[in-house]
Q: 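One structure follows; several queries about it will come next.
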Amino acid sequence: MPDLATPLIAWYRGAARDLPWRRPVFGAWGILVSEFMLQQTPVARVIPLLEAWLDRWPTPAALAADPPAEAVRQWANLGYPRRALWLHRAAAEIRDRHDGVVPRDVEALLALTGIGDYTARAVAVFAYGDRHPVVDTNTRRVLARALEGRSQPAPPSKRDLAAMAGLLPADDVDAAIVNAAAMELGALVCTARTPRCDACPIAHICAWRAAGYPDTGDARRKQARYEGSDRQARGAILRALRESAAHELRQDAVASDWPDAAQRDRALFTLIADGLVEASDGFLRLPRGASA
DNA sequence: CAGTCGTGGTG
DNA sequence: TCACCAAGACT
């Protein structure tokens with residue numbers, strides 16, 4: 001196994017972006033919120049909304065004290081609005097189970113709503129400095145190329161965690177940097193479309209480069225078309241509710257111009273099932289929560 | 001395991 | 001122009 005850690009650490013020192021959540025004082029809650037927002041949403045779109053979020057809700061308890069509707073509205077156009085609901089639930093769980101303190105233990109983090117293998121370890125490592133493998137889509141691509149000689153990674157797997165764990169130095173601080181550096185390399189250099197191999201600090205040990213950059217195929221799931229999809233219909237309904245000054249709309253007026261009425265109704269049904277929308281007496285609202 | 005879930009920038 | 005892509009998680 002080639003040593004990736006040493007060149008990655010050296011490269012990261014000089015090339016890492018100055019991102020808000022990397023500031024030493026950012027705090028575990030800020031890290032947690034940033035990780036929720038970064039799930040499938042690009043960094044540049046997250047930064048302004050993250051800062052607004054933390055200005056409004058500087059602690060988990062502050063967020064949990066407001067109704068989920070406020071979280072969904074503040075989420076704005078980040079996409080996948082279930083994440084706003086889940087972040088609100090996680091905040092309440094942190095208040096109720098952990099005295100309002102973001103837990104440090106990976107198992108406790110995994111038990112929170114909306115937190116999976118990536119986010120749990122990202123918080124434990126980047127907020128608390130513990131030694132765990134953190135594997136995101138960037139890291140999987142870097143390892144697929146450098147170690148397996150593939151052009152694109154296989155679908156996510158539990159094996160990814162073990163593979164990354166095997167690359168981490170013994171020291172906690174160094175291990176955290178290697179985790180961050182692998183992600184950063186994938187984001188800046190070892191990119192999905194046009195990798196900048198001339199600027200890569202591990203090009204000399206890259207199996208994909210040694211093999212002549214073969215196209216090994218792409219086993220990733222392809223995204224469904226968005227235009228005309230149920231997701232677009234859901235987005236239109238939720239946008240109308242977010243932007244409603246009265247915080248409610250007549251059900252027969254929401255997305256009334258949507259071309260496919262059956263699709264609109266189906267989208268609304270799933271939004272209600274997801275807890276993103278509440279319906280009563282002919283009106284739709286964002287969720288106000290169980291307690292008054 | 002495979003399907004589902006937003007939104008906007010970009011090559 | 002339009003398909004691809006983006007610090008995933010849940011069912």
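Below, each value reflects all heavy atoms present in this structure, side chains not excepted, and no hydrogens, waters or symmetry copies.
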Q: When we call it a touch if two heavy atoms are under 4.0 Å apart, what does A/W75 touch: a base, just sugar-phosphate, or nothing?
A: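 No contact at all - A/W75 keeps every heavy atom at 4.0 Å or more from the nucleic acid.
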
Q: Using the P atom on both, measure B/dT4 against C/dA7 and round to a whole Å.
A: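 The same atom, P, in both gives a distance of 24 Å.
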
Q: Counting only side-chain nitrogens and oxygens, does A/Y226 get under 4.0 Å of the OP1 or OP2 atom of B/dT7?
A: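 Answer yes for this pair, as a side-chain N or O of A/Y226 is under 4.0 Å from OP1 or OP2.
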
Q: To the closest 0.5 Å, what do you measure between CZ (A/R234) and CZ (A/R266)?
A: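 CZ of A/R266 is found 11.5 Å from CZ of A/R234.
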
Q: Whole Å only: how far is the CG atom of A/D274 from the P atom of B/dT4?
A: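 In whole Å, B/dT4 P lies 14 Å from A/D274 CG.
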
Q: Are OP1 or OP2 of C/dA9 and a side-chain N or O of A/T119 less than 4.0 angstrom apart?
A: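 Checking C/dA9 against A/T119, a side-chain N or O does come within under 4.0 Å of OP1 or OP2.
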
Q: Output the single nucleotide from C/dA7, C/dC5, B/dC5 whose closest atom is nearest the side chain of A/N138.
A: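 The closest nucleotide is C/dA7.
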
Q: Ignoring backbone atoms, test whether A/R239 places a side-chain nitrogen or oxygen under 4.0 Å from the OP1 or OP2 oxygen of B/dG8.
A: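 For B/dG8, OP1 or OP2 has a side-chain N or O of A/R239 closer than 4.0 Å.
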
Q: Can you check whether A/Q39 has a side-chain N or O nearer than 4.0 Å to OP1 or OP2 of C/dG8?
A: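 Answer no for this pair, as no side-chain N or O of A/Q39 is under 4.0 Å from OP1 or OP2.
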
Q: Can you tell me if OH on A/Y226 sees more than 12 non-hydrogen neighbours from other groups inside 6.0 Å?
A: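 Enclosed.
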
Q: C/dG8 C1' sits how many Å from A/R83 CZ, rounded?
A: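 Roughly 8 Å, once rounded to whole Å.
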
Q: Between atom CG in A/D160 and atom P in C/dA7, what is the gap in whole Å?
A: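 A/D160 atom CG is separated from C/dA7 atom P by 16 Å.
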
Q: 5'-most contact on DNA chain B: A/N77 or A/R82, nearest heavy atom basis?
A: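 On the 5' side of the pair lies A/R82.
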
Q: Can you find a side-chain donor-acceptor pair between A/T139 and A/D136 that sits under 3.5 Å?
A: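 There is such a pair between these side chains.
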
Q: For A/R193 and C/dC4, give me the distance from atom CZ to atom C1', rounded to whole Å.
A: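 Roughly 5 Å, once rounded to whole Å.
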
Q: Looking at every strand, decide which applies to A/R140 at a 4.0 Å heavy-atom threshold: base, sugar-phosphate, or nothing.
A: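 Nothing, no heavy atom under 4.0 Å.
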
Q: Applying the 4.5 Å side-chain criterion to the ILVMFWY set and letting contacts propagate, would A/M164 and A/L185 be lumped into a single cluster?
A: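 In one cluster: yes.
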
Q: Between atom CZ in A/F269 and atom P in B/dC5, what is the gap in whole Å?
A: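 Rounded to the whole Å, the gap is 13 Å.
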
Q: Starting from P on B/dT7, measure out to CG on A/L49 and report it in whole angstrom.
A: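 Going from A/L49 (CG) to B/dT7 (P), I get 13 Å.
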
Q: How many Å lie between CD on A/Q232 and P on B/dT4, as a whole number?
A: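 Going from CD in A/Q232 over to P in B/dT4 covers 16 Å.
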
Q: Round to a whole Å and report the spacing from CZ of A/R17 to P of C/dA6.
A: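 Distance, rounded to whole Å: 12 Å.
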
Q: Can you tell me which nucleotide in C/dC5, B/dC5, B/dG8 comes closest to the side chain of A/A192?
A: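 Of the candidates, C/dC5 comes closest.
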
Q: Would you classify A/S34 as touching base, sugar-phosphate or nothing, given that sugar-phosphate means primed atoms plus P, OP1 and OP2, and contacts are heavy atoms under 4.0 Å?
A: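 If one applies the 4.0 Å heavy-atom cut-off, A/S34 turns out to touch nothing in the nucleic acid.
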
Q: A/Y118 and A/E35: side-chain donor and acceptor closer than 3.5 Å?
A: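 Yes, a side-chain donor-acceptor pair sits under 3.5 Å.
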
Q: Counting heavy atoms from C-beta on, name the nucleotide in C/dA7, C/dC5, B/dC5 closest to the side chain of A/R220.
A: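 Ranking C/dA7, C/dC5, B/dC5 by closest atom to the A/R220 side chain puts C/dC5 first.
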
